[in-house]
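The block underneath contains the structure these notes are about, expressed in structure tokens.
Worth saying up front: this structure is predicted, and the values here are computed from it rather than measured. Residues: numbered from 1 along the sequence shown.
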Amino acid sequence: MSRTYTRLETKLIHAGEPDPLIHGAVSMPIFQSATFEYSGEARYDDIRYIRLNNTPNHLALHQKLAALENGETAIVTASGMAAITTTFLTFLSSGDHLLAERCLYGGTYDFVTKDFQGLGLAFDLMDGDDPGSWERKLRPNTKAVYVETMTNPLLGVPKLREIVDFAKKHRILAIIDNTFASPVNFRPLDWGFDLSIHSCTKYLNGHSDIVAGAVIGRRDLIERVTHRLNHLGGTLDPHACFLLHRGIKTLAVRVRHQNQSALRIAQFLEGHEAVCKVNYPGLECHPGHARARELFDGFGGMLSFELVGGVEAADRFISRTNLPTLAPSLGGVETLITRPATTSHSGLSPEERMAVGISDGLIRLSVGIESTDDLIEDFDRALSNT
Ligand code: PLP
């Protein structure tokens, strides 16, 4: 029997769990079996086989993820990039055109701007807060508009309501990468998006120990993504499914702590004389603050900032901090610090980075669940004499 739950915290724990429990196991067991006994499945996609993303570990996750964002169903993938590229390759065929936001995760930006052409796909980049540019760039062959809930690494908040209206008006798909917000802070399908994509590597898993992705949405759309994924082979291994399933259960407590901690850290940095710019949608000075307040339940655990002394000051500051680990990626329980120009956005040329506003000295912080006071004390000490 599949039960429905209303509140997010309860869905995180109970949605999609086997009922009755398998041999009474309170934690979902790992089904490490490549293939399963045939029981009359009529369709290729229903034959039970790990690559076809339908072992009990996959199915439980699909239900849980769909419940978190009020989608009909979901599909998990081998990584966030597998979710993104498979979605593009499902809904865009040779000759089609994508409208994508200018400031995207580096891997997505690279795929769109460098790999699309060889696949016969066209694209235009647009500004998430300039609807006029969307209309100007729309083409008869445009099939979808693609944005991120908060842009990486500048934490811009696109005009998400208007993006949905625009997509509906022109009968194209509205697709969003909701990784930075997580289902705790934003549920895109409730606002009219057709598909919500996650790098589950980040907040959903939350422990920096797997890579995984997901696409959530209407059943007919997810069935098409699943069919393409089954051919491309970007499946999530059952053991990684288990770890993701376990990590998801604590999502709400982790993300709520991270929301509060990141806001306090952003306020501290904003008031420090060595800091010249802080990008965090929870700050009143942020250009997208009013929009973020209207759309989001929390402002997230990510922020970026620039120091008065540029790259040298940034490197000095990073080397003096004790708590954060210098590493790309985000959304884990530990605080990570990075300079996007050398990691997540190193695939972009310096000119491309300048065009989207990513300076070489920009520092990105993924706030973990350590004591906020300890983090602020660490940053205060590292900032003196940068
Ligand atoms: N989307 C965003 C916003 C990301 O930050 C990342 C990775 O950093 C990805 C997608 C890609 O995810 P993965 O590394 O799981 O493939």
*Would you check if the side chain of S366 reaches a backbone N or O of L336 as a donor-acceptor pair within less than 3.5 Å?*
no
Look at the rings of H272 and F268 and say which category their plane angle falls in: under 30° parallel, 30 to 60° tilted, over 60° perpendicular.
perpendicular
What one should report as the nearest heavy-atom pair of P158 and T149 is CD-O, 3.3 Å
Heavy-atom closest pair (I13 atom, K64 atom, distance to 0.1 Å) is O-NZ, 3.2 Å
Given the options F379, Y280, F317, F305 meets ring pair (Phe, Tyr, Trp, His ring centres under 6.0 Å) only with F317
Given side chain to side chain contact (heavy atoms under 4.5 Å, CB included), test H345 with L362 step by step and report yes or no. CA-CA 11 Å; H345 290 71; L362 185 78; over 6 Å; no
Item to complete: Examine L119 and L104 and state if one hydrophobic cluster contains both, with Ile, Leu, Val, Met, Phe, Trp and Tyr joined whenever side-chain heavy atoms are less than 4.5 Å apart.
Response: yes
In this structure, OH of Y105 is separated from OG1 of T179 (nearest 0.5 Å) by 10.0 Å
Separation between CD (E370) and CD (Q258), nearest 0.5 Å, reads 9.0 Å
What one should report as the nearest heavy-atom pair of T201 and G80 is OG1-N, 4.5 Å
* **R139 with D124: basic N within carboxylate O range, under 4.0 Å** => yes
| query | Do the side chain of N178 and the main chain of I197 share a donor and acceptor less than 3.5 angstrom apart? | reply | no
Here the pair of heavy atoms bringing C200 nearest to L244 is CB-CD1, 3.7 Å
Contacts of E41 meeting salt bridge (charged side-chain N to carboxylate O under 4.0 Å, His left out) (sequence neighbours excluded), chain-then-number -> R48
Other residues, nucleotides, ligands: >12 heavy atoms within 6.0 Å of Q117 CD
no
*Name the orientation class of the two ring planes belonging to W134 and F166 (parallel below 30°, tilted from 30 to 60°, perpendicular beyond 60°).*
perpendicular
(message) Apply side chain to side chain contact (heavy atoms under 4.5 Å, CB included) to residues R218 and R224 and explain how you reach the verdict.
(response) CA-CA 10 Å; R218 276 201 333 260; R224 289 177 60 190; over 6 Å; no
Original post:
Please walk me through it: do I176 and F186 pass side chain to side chain contact (heavy atoms under 4.5 Å, CB included)?
Top reply: CA-CA 11 Å; I176 188 163; F186 187 59; 4.0 Å; yes
Please check this pair: side chain of S304 against backbone of P153, looking for a donor-acceptor N/O pair closer than 3.5 Å.
yes
Rounded to the nearest 0.5 Å, the SG atom of C103 sits from the CE atom of M150 at a distance of 13.0 Å
**Asked** Do you see a donor-acceptor pair shorter than 3.5 Å between the side chains of D46 and N54?
**Response** no
In this structure, OG1 of T87 is separated from CG of D194 (nearest 0.5 Å) by 12.0 Å
Result for side-chain contact (heavy atoms from CB on, under 4.5 Å) between P281 and one of H286, R293, H289 points to H286
For the side chain of R291 and the backbone of V157, is there at least one donor-acceptor N/O pair under 3.5 Å apart?
yes
Exercise. So, for Y146 and F88, is the gap between ring centers shorter than 6.0 Å?
Worked result: yes
Check whether more than 12 heavy atoms from other residues, nucleotides or ligands sit under 6.0 Å from atom OH of Y49, and answer yes or no. no
Closest heavy-atom pair, I222 versus L195, reported as atoms and distance to 0.1 Å, is CD1-CD2, 3.8 Å
The reported gap from OG1 in T55 to CZ in F36 (rounded to nearest 0.5 angstrom) is 5.5 Å
In terms of heavy-atom contacts, G301 and A262 come closest through CA-CB, 3.7 Å
Next item on the list: Tell me, with the steps shown, if R254 and V184 meet side chain to side chain contact (heavy atoms under 4.5 Å, CB included).
Entry: CA-CA 10 Å; R254 284 185 281 109; V184 175; over 6 Å; no
Exercise. State whether the number of non-hydrogen atoms from other residues, nucleotides or ligands found under 6.0 Å of K277 atom NZ is greater than 12.
Key: no
Any side-chain heavy atom of H58 within less than 4.5 Å of one from F31?
no
Note to self: Please determine whether the number of non-hydrogen atoms from other residues, nucleotides or ligands lying under 6.0 Å from atom CD of E273 exceeds 12.
What the structure shows: no
Check the surroundings of atom CZ in R171: do more than 12 heavy atoms from other residues, nucleotides or ligands lie under 6.0 Å from it?
no
